[in-house]
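Chain naming here is simple, since letters A, B, ... match the order of the sequence lines and numbering starts at 1 in each.
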Amino acid sequence: MDSGNAALSNSEIADRLMTLSQLLPANKENFYKRKAYRRAAIQLRSMSESIEDLVRDNADLTQFPGIGPGIRNAIEEIVRSGTLRKLEILRSQSPDPLLDISRYPRLDPKRVLRIFKKLHIASISSLKEKLESGEIANVLGLRMAQHVQQGLSETHALLLHQADRLCSTVQDFLIDKCKVKRAEPVGSIRRRTELIEELSFLIETDDFPSIISKIERFGGRSTLLHSDHRSARFALSSEIFLDIRVASEEDWGQALIESTGSRRHVRKLGAATGGLKALIQSKGPFATEADFYRAGGLAWIDPELREGYDEVQRAAEGRLPVLVSLTDLRGELHAHTLSSDGTASILDMAEGAASVRYEYIGITDHSQSLKIANGVPADELWKQIRFIDRLNEKSSAVRILKSAEVDILADGSLDYPDDLLKELDYTVCSIHSRFGQNKLQQTERLLRAMDNRYFNILGHATGRLLLKRPGYEIDIERLATHARQAGCFFEINCSPDRLDLSAENARIVSAAGVKVAISTDAHAIGDFRTARYGVDQARRAGIEKSSVLNSLPWNSLCLLFKR
DNA sequence: GCCGTTTTCGGCCCGACTGTTTTCAGTCG
């Protein structure tokens with residue numbers, strides 16, 4: 001244990017690497033160098049071990065991904081001297097505006113400098129003013145304004161799949177290093193929300209003060225923000241919060257209930273049971289959640305539903321949905337191959353699907369207009385159709401479905417002629433261009449597309465990329481109604497940075513009586529793993545197996561695709 | 001600067017389209 005000087009947290013070391021990456025000249029040969037520093041910084045933030053301790057113990061830092069000899073030396077220099085000569089030199093050479101920008105690692109210096117020039121400003125504080133006044137959006141466009149907004153935002157949310165990784169790291173730390181008897185994730189990560197701003201754990205321990213001091217060493221140093229005898233809140237190097245709450249074996253169940261649901265949910269639970277405290281006093285304590293629900297006269301509520309909509313009332317009336325689960329999926333309806341921008345052949349993808357016990361896989365390579373993704377020209381798709389027919393004749397373990405991810409063009413027409421679309425088993429139709437159209441334009445574009453009788457599933461309906469880019473606006477109610485009438489379906493795209501439909505939109509679509517496909521949009525065999533994230537969102541939307549297209553065997557599913 | 005079941009050097013998408021343009025940088029998967 002170090003004494004005297006405060007230890008450098010992983011976060012502080014990562015900050016220096018990140019700043020270095022921001023200040024490196026933006027020419028082409030340095031592009032990958034900048035990326036390397038950035039990647040290494042992200043790696044450091046995700047670690048539970050103290051980098052400083054590792055350096056002092058002469059551990060080999062190059063064992064960690066993204067850290068090679070160059071960055072190892074830089075880290076060692078930072079730990080030993082508290083600074084980095086290379087960084088100091090860059091700092092002394094950089095103009096003030098760039099130094100100012102480099103405090104915000106999410107901002108792209110090049111773009112921000114352009115804004116500075118254009119609006120005749122030279123500091124982040126002016127940038128904030130111009131953002132709030134709407135001037136950036138007006139003069140440089142919405143996209144640029146969005147970039148600045150994201151870059152300046154103080155929230156440091158993680159995507160659910162990143163949070164999952166951090167969550168297991170923390171859980172291992174609590175169990176292996178802190179020796180707690182039990183540690184269970186609660187809060188938003190247990191509800192499977194798409195973005196996570198704080199990790200919450202319920203733990204069982206006899207010595208909470210010593211656990212707190214151990215967690216303060218997590219990731220080099222974690223700042224204790226608050227604590228009392230039963231709970232504590234930390235700021236982690238990963239830039240999100242960690243909430244810890246202590247419970248005992250006897251009251252574990254009620255503590256799970258109280259710390260898993262959203263505030264609104266817990267309030268509604270109280271109202272439905274005549275007050276949580278009163279219920280606990282009269283019939284508690286509750287060691288399991290099941291005990292609690294039984295005593296409260298409620299059916300078990302799945303964590304994904306504990307948001308405070310109508311789930312408590314439905315639990316009281318015994319009308320909760322039986323949510324779809326990962327094992328209900330019988331096939332994949334959205335997968336790319338080497339024919340467009342995937343990384344595996346059709347056959348490899350089919351084998352991958354077989355290895356996760358799928359009955360079918362739809363091959364949905366990009367259509368001809370999407371040049372960047374190597375979209376398949378019409379004549380090539382004709383060949384691919386015949387090729388897949390021959391593969392299926394050889395009776396593989398998995399039925400390969402002939403399909404395409406067909407671009408919805410600016411005017412709502414589809415990117416292949418009808419005589420070709422007709423030959424496909426079904427289509428996934430998506431927007432990949434002209435994101436700038438307004439809500440009415442996008443909605444009518446999609447409505448027109450749905451009017452094509454070969455339109456089956458709307459892929460990633462809003463085009464959002466979480467933490468990167470908001471989707472274009474659509475009138476989801478109108479589209480859901482139209483889909484219902486026209487016999488079209490929606491996709492829940494499982495890609496962890498899309499999760500599009502959102503749970504909110506999936507709820508609306510489902511309420512309109514429209515089925516959804518839970519699709520991974522796989523570009524590699526390993527991507528089938530992400531199916532769980534789509535299932536999570538479907539469950540948050542209250543979707544049952546019967547509303548999921550790919551829970552059906554192909555001989556039933558194919559009937560739904562005939563219009 | 002990192003990385004390797006084609007590589008210890010030469011890669012790390014790419015390329016047509018759009019508009020934040022007024023001639024080049026950002027964007028889409």
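Ring-plane geometry between A:F561 and A:F489 is classed as perpendicular, the angle between the planes exceeding 60 degrees on a 0 to 90 degree scale with a lower cut at 30.
Atom CZ in A:F31 sits about 16 Å away from atom C1' in B:dG10, given to the nearest Å. For the pair A:L17 CG and B:dG1 P, the computed distance is 12 Å after rounding to whole Å.
A salt bridge links A:R56 to A:E52: at least one charged side-chain nitrogen sits closer than 4.0 Å to a carboxylate oxygen.
Spacing between B:dC12 and B:dC17 at atom P, rounded to whole Å, works out to 23 Å. When the C1' atom is compared between B:dG11 and B:dG19, the two are found 32 Å apart, to the nearest whole Å. When the C1' atom is compared between B:dT20 and B:dC28, the two are found 16 Å apart, to the nearest whole Å. Nucleotides B:dC2 and B:dT7 have their C1' atoms positioned 14 Å apart, rounded to a whole Å. B:dT6 and B:dG1 are spaced 23 Å apart, taking the C1' atom of each and rounding to whole Å. Atom P of B:dG15 sits at a distance of 27 Å from the matching atom of B:dT21, rounded to the whole Å. Comparing B:dT22 with B:dG26, their C1' atoms sit 16 Å apart, to the nearest whole Å.
The number of heavy atoms from other shown groups lying within 6.0 Å of CZ (A:R80) is above 12. In A:R563, the CZ atom is crowded: over 12 heavy atoms of neighbouring residues, nucleotides or ligands sit closer than 6.0 Å. Annotation for A:F387: atom CZ does not count as buried by contact number, only 12 or fewer foreign heavy atoms lying within 6.0 Å.
Taking side-chain N and O atoms only, A:K371 has no distance below 4.0 Å to OP1 or OP2 of B:dA16. Within the structure, every side-chain polar atom (N or O) of A:Y32 is placed at least 4.0 Å from both OP1 and OP2 of B:dG1.
Residue-level contact check: A:K117 touches neither bases nor backbone, having no heavy atom under 4.0 Å from any strand.
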task: Mark up nucleotides 20-29 of chain B, 5' to 3', with B wherever a protein heavy atom is under 4.0 angstrom from a base atom, S wherever such an atom reaches only the sugar-phosphate, and - elsewhere.
output: BS---SSSBB

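Sequence neighbours left out, the pairs with a member in residues 486-496 of chain A that pass side-chain hydrogen bond (donor to acceptor under 3.5 Å, both in side chains) are A:H334-A:E491, A:E491-A:N493, A:N493-A:D521, A:S495-A:D497.
Annotated stems with DNA chain B as a participant read B:1-4 with B:9-12, B:14-19 with B:24-29, given as range with range, by first number; only runs of 3 or more Watson-Crick or G-U pairs under 3.5 Å qualify.
In this structure, A:Q537 and A:R192 approach most closely via the heavy-atom pair NE2-O, 3.3 Å. Closest heavy-atom contact between A:L421 and A:Y416: CD1-O, 3.5 Å.
Looking only at side-chain heavy atoms (C-beta outward), A:Y533 and A:E194 stay at 4.5 Å or farther from each other.
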